Amino acid sequence: MPIDLGRVQKEIRDIDRDKASGVTIEVQGNSVQKLIGCLKGPRDTPFDGGIFYVNIELDDQYPFVPPKMRFITKVWHPNISSANGAICLDILKDQWSPALTLKTALLSLQALLSSPQPDDPQDAVVARQYMGSLAEYEATARQWTQTYAHAQQVVGLEAKVQQIVEMGFGREQALAALKRANGDENGAMEILLGA
Amino acid sequence: MAGSDDDQWFDDYDEPMSGGEDEDAYPSDSGAGGSDSGGTSTTDDAADDGFEERGPSEARSQLRNRLYSVIDRQNLRRIQEEALQQVQSILGCSTTTARALLIFFSWDAEAVLGTIAERGQEDVYKRAGLLSQSEEAEAYAAAAAAGAGGTVSCLVCMSDVGPSQATAMDCGHMFCNDCWREHMRINISEGMSRRLRCMAPGCGVVCDEDKVKALLRKDKPLLEKYEQTLLESYVDDNKRVKWCPSVPHCGHAIRSKEMHCEVECACGHQFCFACCEVQHSPCTCDMLHDWEQRMRDGSETSSWLSANTKLCPKCSKPVEKNGGCNLVLCRCGQAFCWLCGQATGRAHTWTSIEGHSCGAYKEEAEARANEAQRNLKRYLHYLTRYEANLQSGKLEAKLRKDVEAKVDALMEVDPSMSNFSWLNEALAQLFLARKCMAYSYIFAFYMFGQSMFKEDFSAEANAINQALFEDKQGQLEAEVEKLSQLIENPWPIGSAADMQSHRMAIINLAANIDTRIQKMYEVIECDITPQVASRGVGIAPYKGRHATGSGGEAAAEVYRRAAAAGGGAGPSGSNQPSSDVPDPAAEEGGRGGRRGKAPIAAGSGGRSKRKAGS
Ligand SMILES: [Zn+2]
Ligand SMILES: [Zn+2]
Ligand SMILES: [Zn+2]
Ligand SMILES: [Zn+2]
Ligand SMILES: [Zn+2]
Ligand SMILES: [Zn+2]
Ligand SMILES: [Zn+2]
């Protein structure tokens with residue numbers, strides 16, 4: 001059975017309409033099964049001020065199986081791999097329910113940024129630091145947010161998109177590649193040429 | 001009178017543990033499940049039926065004492081339904097609820113009911129992921145109210161459907177039928193039927209079986225898979241039941257009251273119930289697995305190892321002797337003396353090694369030899385004896401052939417010799433003893449090695465244990481060797497009197513061996529393992545050839561009967577089946593009817609009442 005297009009499109013429309021939620025979503029390319037989610041770092045956390053991109057892949061059996069989600073933006077957090085962005089969150093595994101949505105999943109990621117679960121870590125190094133020295137952990141996480149997720153990184157995006165489009169790529173393609181490369185136009189070109 | 005006893009005995013001996021083959025022998029069930037045996041329910045039929053224990057006959061109540069039973073597909077459905085009904089009838093709950101409770105308690109109905117009596121229904125239901133009944137009722141009402149109006153909004157496909165197109169589970173969560181079906185399809189294909197849960201986030205209530213079946217009624221293969229998984233949960237979620245590990249799988253499961261128990265499936269496959277490996281009593285599962293790991297690690301055979309290598313005193317790796325002189329050099333650079341295994345300098349002549357004299361080898365160097373060397377020696381000591389006994393056991397087929405030739409020769413001289421059950425008994429006892437002996441060496445290697453049980457025994461206590469055990473083990477070994485020789489050496493076939501005493505000697509020795517094994521187990525069970533009881537050392541008990549749960553006396557009695565019944569002129573006639581009982585095995589009687597560990601039987605004496613093949 002192919003993926004339930006109706007449901008996914010309704011989900012996307014719903015997220016677009018709800019501007020207050022702090023999460024957005026965009027289709028990557030021409031299949032609704034590959035998306036990029038975006039969430040704001042929660043206030044009063046080391047992630048405040050950061051914009052975090054999440055790669056989303058939907059299986060044919062979605063929503064009966066959970067969406068596959070991975071941070072594109074580098075994050076320093078006990079439940080997120082500092083190396084590849086893999087996420088350890090129960091609702092993305094055995095606690096997934098078909099009645100949950102991409103929006104609830106993205107909001108859960110936002111909540112995860114606020115309240116790490118070091119007992120069930122994805123990144124042992126970060127978890128050890130979190131348990132051992134909270135101040136050190138917060139400093140590193142803030143540092144990473146500054147470096148990789150700061151809003152300013154995203155400013156000037158339009159100019160870069162334009163630049164890539166002029167080289168003969170589609171606008172959507174350019175945007176997706178830039179997001180993957182954290183706004184670095186050279187990185188984005190490498191992604192596009194490699195793909 | 002004696003005859004009928006003997007018949008029953010021989011039946012039992014032919015199929016020692018394979019209860020449950022003949023499900024239909026139940027008075028209450030016969031006819032229902034489509035009988036295959038077609039035989040009348042004689043006492044002997046009932047005796048074959050080692051399974052689930054109902055009915056009045058005495059044979060059956062004896063069987064109740066058996067440690068384990070074989071379950072086939074048909075049984076599986078019935079005993080599962082019995083457990084479900086037992087729980088349902090007391091709690092008045094749905095099948096789904098009863099099943100969820102039973103799965104949660106590993107299909108132990110007593111535990112379900114006991115825990116509910118102790119801790120209250122609400123607590124137990126919650127822990128098993130179920131709603132209590134009052135909540136259930138409320139939820140139903142809520143669901144009905146929601147569906148009463150116009151349409152139902154399905155939160156999974158995000159579309160509105162008519163109330164008839166949606167289903168609410170016991171928790172009240174309602175989704176459209178298409179979404180339920182897809183959810184079920186995916187979970188059932190992944191083999192999660194028995195824990196098919198509600199789709200609402202965080203709900204976790206198990207989907208009602210009747211609703212699942214109603215939703216899937218058009219998808220026959222999926223429905224079958226669902227029911228199959230529910231059925232198999234009796235084995236998969238049950239600590240006391242295991243699938244027979246035979247390859248290809250025979251389809252049977254074994255239920256055992258004891259975890260540490262040696263079992264034999266109806267297909268003939270014998271295994272340790274705890275670890276599903278070969279039977280290995282008296283050594284424990286842990287000992288066996290460590291031992292096998294050891295054997296895999298050192299692929300060299302024991303004799304090659306002991307003849308050609310010594311362990312380096314520095315790095316403990318085996319080193320091969322590579323020349324005539326006694327100074328050997330390990331790859332790690334350490335030189336040592338081949339004779340005593342001690343580290344040495346490298347300068348040497350043909351006769352002496354610099355700074356080293358091992359003339360005192362026999363007296364003191366032995367004691368000084370490094371620990372690794374001692375350990376290897378010790379390991380080889382046990383390995384050699386383990387392998388020797390296993391080897392003798394493996395020559396079973398050859399020995400049976402030899403013996404058959406002797407039987408043929410004997411019958412030519414004395415055609416009145418027609419019953420050789422005594423010989424089958426002795427052979428079976430011999431092979432059983434060999435197996436016990438082999439594994440008893442693994443047991444001794446670990447139990448007295450002061451490493452696996454280092455903290456449990458002082459050196460003195462350990463020495464006493466070892467002496468006690470080795471005394472019994474030695475006595476057993478001596479008797480086993482004697483019996484082995486009596487059977488293998490030429491028989492006094494020419495003289496009837498000599499042959500008679502030869503036969504009696506074999507019968508007595510076999511009975512002695514049975515007793516000796518019991519004595520060895522007594523030391524293990526009464527003197528040694530109680531000292532390490534806190535460790536949970538699980539050793540399958542010795543069942544003997546004829547144990548029915550009543551212990552060793554039964555076996556001795558059996559041997560006396562075998563002696564009285566077998567061979568010569570006279571009493572052998574008493575083994576003929578009484579003529580008014582139909583004999584289902586008649587057509588496969590005689591010498592052609594052997595199978596498995598089939599005895600060397602001449603004529604129909606003694607074993608004619610075996611059931612027809614299953
Ligand atoms: Zn639906
Ligand atoms: Zn529910
Ligand atoms: Zn089997
Ligand atoms: Zn075992
Ligand atoms: Zn030399
Ligand atoms: Zn070495
Ligand atoms: Zn020496």
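Quick caveat, the model's predicted, so the values are computed rather than measured. Chain letters run A, B, ... following the sequence lines, proteins first, then strands; residues in each count from 1. Note: hydrogens, waters and symmetry copies are ignored here, and every other heavy atom, side chains too, is used.
By the ring-ring contact (aromatic ring centres under 6.0 Å, His included) test, His289(B) pairs with no residue at all, sequence neighbours left out.
Listed in order of number, the residues of residues 5-27 of chain A that approach chain B to under 4.5 Å between heavy atoms are Arg7(A), Lys10(A), Glu11(A). Of all residues spanning residues 86-112 of chain A, those with a heavy atom less than 4.5 Å away from chain B's heavy atoms are Ser97(A), Pro98(A), Ala99(A), Leu100(A), Thr101(A), arranged by number.
Heavy atoms from other residues, nucleotides or ligands lying under 6.0 Å from NZ of Lys213(B) number more than 12. Within 6.0 Å of atom CZ in Arg77(B), 12 or fewer heavy atoms from other residues, nucleotides or ligands are found, so the atom counts as exposed in its surroundings. In this structure, Arg197(B) places its CZ atom where more than 12 heavy-atom neighbours from other residues, nucleotides or ligands lie under 6.0 Å away.
Looking only at side-chain heavy atoms (C-beta outward), Phe64(A) and Arg185(B) stay at 4.5 Å or farther from each other.
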Donor-acceptor pairs are to be reported for all side-chain atoms of residues 39-46 of chain A against protein atoms at under 3.5 Å, with residues two or more places apart or in another chain.
unit_1   : atom_1 : unit_2   : atom_2 : d
Thr45(A) : OG1    : Pro42(A) : O      : 2.6
Thr45(A) : OG1    : Phe47(A) : N      : 3.1

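Contacts between Cys198(B) and chain A at a heavy-atom distance below 4.5 Å are absent for every atom of the residue.
Contact tally against chain A (heavy-atom pairs below 4.5 Å) for Cys203(B), Cys179(B), Ser159(B): the top residue is Cys179(B).
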